[in-house]
Structures are given as C-alpha cells and as structure tokens.
Amino acid sequence: MTAKIQFAKGFDETVIPDVRLTRSKDGSNGAATFYFENPDALAQDFTADVTGMYLSDEEGELLTRDVQAKFINGKPAALEAKYVMGTPAAWDRFIRFMERYAASNELGFQKSDSD
C-alpha cells in the first residue's frame, strides 16, 4: 500500500502539499501544518464532503479534523490542515508516514535554516 492523503474517505488527494513541521525542544510533542493549493477536494466536480484529513499507509491511518478552507475573492483556493503529535511515539509514527508519502510521490525533505 502506498501512502496517501484523503479529505473524504475513498478520494485520494493528488495535489502535493507544502508541509511545515515544528517540534518542542525536548521532543515531547510537535505539529505538522499542511497547505494544499487548489486541492482536488475543492474542485467543483468533487462530490464528497471534507470530513478531515486522513493520512493512510500500511501501518494504518492518522486523522485530524483540524482542516480549514482558505478563500480568495469568495472562492475556495486552498486547504490548510494541522496534525498535532502529543508524544515522541506519535512523532515517530508521523515521520514514518511522511517518509512513505515522500517516496510514493518522489519528494524530498528540506531542513529549515532557522536552527
């Protein structure tokens, strides 16, 4: 099974997001913010309701309901979703998903220069 992102069960999102990660200094928790510009889930022919962001791979599914639409001139233009990891184990699980998602979509990782 390849890693995939869905906003409604059964509908794979093909738009690749910009993902920003933050983590506490002690590594006890973290958050990932996903930004999808013009995602499939906002297309006029998309018939399902956005019910959350589902991150699925062979280990199972991660879920966040913290999904917000961004509008430009009254029209939906983007989706922003936040996934919070409250433990080091949750962080590690998320990173494993992202490694699989990156491999599935031929993506790379770029570390921030803010350190």
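Given the structure is predicted, the values throughout are model-derived calculations rather than measurements.
Between Leu42 and Leu79, the closest side-chain pair of non-hydrogen atoms falls below 4.5 Å. At least one side-chain heavy atom of Arg65 sits under 4.5 Å from a side-chain heavy atom of Thr51. Counting heavy atoms from C-beta on, the side chains of Val84 and Asn29 never come closer than 4.5 Å. Residues Ser28 and Thr87 form no side-chain contact, since every pair of their non-hydrogen atoms from C-beta on lies 4.5 Å or further apart. A heavy-atom distance below 4.5 Å is not found between the side chains of Leu55 and Glu61. Counting only heavy atoms from C-beta outward, the side chains of Met53 and Ile5 approach each other to under 4.5 Å. Put simply, the side chain of Pro17 does not reach to within 4.5 Å of the side chain of Tyr35, judged on heavy atoms.
Aromatic rings of Phe34 and Tyr83 (six-membered ring for Trp) have centroids beyond the 6.0 Å cut-off, not under it. Within the 6.0 Å centre-distance limit, the rings of Phe7 and Phe36 are counted as a close aromatic pair.
Between Arg100 and Glu58 there is a salt bridge, since a side-chain N of the basic residue sits under 4.0 Å from a carboxylate O of the acidic one. Salt-bridge check for Asp57 with Arg93: passed, with a basic side-chain N closer than 4.0 Å to an acidic carboxylate O.
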- Tell me, with the steps shown, if Phe11 and Gln6 meet side chain to side chain contact (heavy atoms under 4.5 Å, CB included). CA-CA 6 Å; Phe11 297 93; Gln6 299 179 337; 5.7 Å; no
- Message: Between Glu80 and Thr33, is the side chain to side chain contact (heavy atoms under 4.5 Å, CB included) condition met? List the steps.
- Response: CA-CA 7 Å; Glu80 186 174 279; Thr33 302; 3.9 Å; yes
- Verdict with reasoning, Phe97 to Leu62, per side chain to side chain contact (heavy atoms under 4.5 Å, CB included): CA-CA 9 Å; Phe97 167 81; Leu62 304 172; 4.2 Å; yes
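Under a hydrophobic clustering in which Ile, Leu, Val, Met, Phe, Trp and Tyr are joined whenever their side-chain heavy atoms come within less than 4.5 Å, directly or via other members, Met98 and Tyr54 fall into different clusters.
Residues Ala8 and Asp49 come closest through the heavy atom pair CB-O, 3.3 Å. Nearest heavy atom pair, residue Ala3 against residue Ser104, reads N-OG, 3.4 Å. Nearest heavy atom pair, residue Val19 against residue Ala32, reads CG1-CB, 4.4 Å.
Cation-pi geometry between Lys4 and Tyr101 is not satisfied (NZ or CZ under 6.0 Å from the ring centre, within 45° of the ring normal).
In this structure, Asp40 contributes its side chain and Thr14 its backbone to a donor-acceptor pair below 3.5 Å.
Applying the side chain to side chain donor-acceptor pair (under 3.5 Å) rule to Thr47 yields no partners; only residues at least two apart in sequence or on another chain are considered. With sequence neighbours left out, the side chain to side chain contact (heavy atoms under 4.5 Å, CB included) criterion links Asp66 to Thr64, Gln68, Lys82.
Rounded to the nearest 0.5 angstrom, Ile95 CD1 and Met85 CE are separated by 7.0 Å.
In the displayed structure, Arg20 atom CZ is contacted under 6.0 Å by at most 12 heavy atoms of other residues, nucleotides or ligands.
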